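Keep in mind the model is a prediction, meaning the values are calculated, not measured. Throughout, protein chains are lettered first and strands after them, A, B, ... in sequence-line order, and every chain is numbered starting at 1.
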There are 2 protein chains.
Amino acid sequence: MLCLTTEAALLKALAHPTRLCILQVLAQEEACVCHLTAVTGQRQANISQHLTVLREAGLVQDRRDGVLVYYRLADPRLWEALALLCEVGCAACERPLRSVPHSPVPGCPCPKCKV
Amino acid sequence: MLCLTTEAALLKALAHPTRLCILQVLAQEEACVCHLTAVTGQRQANISQHLTVLREAGLVQDRRDGVLVYYRLADPRLWEALALLCEVGCAACERPLRSVPHSPVPGCPCPKCKV
DNA sequence: TCCAAATATTCGCTATATCGAATATAATAA
DNA sequence: TTATTATATTCGATATAGCGAATATTTGGA
């Protein structure tokens, strides 16, 4: 049997609604943790955990700017490839999987959300 | 937060080495359960369980021919889309994710393996 | 009808994922 | 240095996935 554990691990890292939401935001542009926290409505520790999963899977990269840590997609084509797979694999999915425009999130303290 | 639970469920159904192996075989041509069991080296009940996951996710369809049940991809483009995602998402993946030619498996009783 | 083979299902156990809460760490400013 | 804010980590509890074993179901043939 051909071993597809590496590919399965990649898919497992993708297989969570919150992580997909994070990737959807990052597909637009890089974002800091507090922004992702505000957008998703999840707790900060939870987002940090999900980001760790994504980072260890090699899907995102991060850079620190002062006290903020910005995350970005490791490969900008990721969301496009995901949208294609969802379109092919899933009749019930939003079709096509859409991108979300960046917009300031109330309550998010990051510079991109400060008016 | 945009709800991506449907997409996450699809990815979760894909996120297992044995299920990927099944899909890899089915990408070539339809196959019966006993063939998939022989190819993967897993137990019959286990393969049947994985096939149930794939079927309920809408990824495969089945047809009965006598005592045999043949499974096929619901969408023939699935493997191609998966290969693209793996290439984009994962530097460590086999690149590109290859297809496997059909070949008779010793010990498989299905007609396609009988010489 | 009875049996054998292919496939599906159920059950119980173990492993893993997820999450909240609490805490730790890092960077900047006072 | 101390305080504050953003982020990361750890821990414990709960939920879910995965698997083997046993059993049920389906089909065709004797």
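Nearest-nucleotide positions on DNA chain C place B:L51 closer to the 5' end than the other of B:L51 and A:Q44. Across the interface with DNA chain D, nearest-nucleotide mapping of A:Y70 and A:Q49 shows A:Y70 to be the residue nearer the 5′ end.
At a threshold of 4.0 angstrom between heavy atoms, the contacts of A:V67 include nucleobase atoms, whether or not backbone atoms are also involved. The residue B:C32 sits close only to the backbone: its heavy atoms come under 4.0 Å of sugar-phosphate atoms, none of a base.
The structure places CZ of A:R72 at 4.5 Å from CD of A:Q61, a figure rounded to the nearest 0.5 Å. The OG1 atom of A:T5 sits 9.5 Å away from the CG atom of B:L20 when rounded to the nearest 0.5 Å.
The separation between B:I47 atom CD1 and D:dG18 atom C1' is 12 Å, rounded to whole Å. Going from atom CG of B:D62 over to atom P of C:dA8 covers 7 Å, rounded to whole Å. Remark: P of D:dA17 and CD of B:Q42 are 19 Å apart, rounded to the nearest angstrom. Spacing between atom OH of B:Y71 and atom P of C:dA6 amounts to 15 Å, rounded to whole angstrom units. At whole-Å resolution of the value, CZ in A:R55 and P in D:dT7 are 12 Å apart. Put simply, CG on A:L54 is 16 Å from C1' on D:dT7, counting in whole angstrom units. D:dA17 atom C1' lies 16 Å from atom CG of B:L11, rounded to whole Å. At whole-Å resolution of the value, NZ in B:K12 and C1' in D:dT16 are 7 Å apart.
Proximity note for A:H50 (side chain, C-beta onward) versus C:dC19, D:dG18, D:dG20: the nearest is C:dC19. Comparing C:dT7, D:dA6, D:dA17 against the side chain of A:L68 picks out D:dA6 as the nearest. Residue A:C34 has its side chain nearest to D:dT7 when only D:dG20, D:dA17, D:dT7 are considered. Distances were taken from every side-chain heavy atom of B:H16 (C-beta onward) to each of D:dG18, C:dT7, D:dA8; the shortest belongs to D:dG18. Between C:dG20, C:dT7, D:dA6, one nucleotide has an atom nearer to the side chain of A:N46 than all others, and that is C:dG20.
Judged by distance alone, with hydrogens and angles left aside, the side-chain atoms of B:R43 form no donor-acceptor pair with the main-chain N or O of B:A45 at under 3.5 Å.
For B:T52 and C:dT9, the shortest distance from a side-chain N or O to OP1 or OP2 is below 4.0 Å. Within the structure, every side-chain polar atom (N or O) of B:R64 is placed at least 4.0 Å from both OP1 and OP2 of C:dA6. Here B:R43 reaches the OP1 or OP2 of D:dA21: one of its side-chain N or O atoms lies under 4.0 Å away.
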Mind running salt bridge (charged side-chain N to carboxylate O under 4.0 Å, His left out) on B:R63 and B:E30 for me, showing each step along the way?
-> CA-CA 10 Å; B:R63 70 176 179 90; B:E30 65 171 12; 2.5 Å; yes

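Proximity of B:L85 to A:L11: side-chain heavy atoms (C-beta onward) are separated by under 4.5 Å at one or more points.
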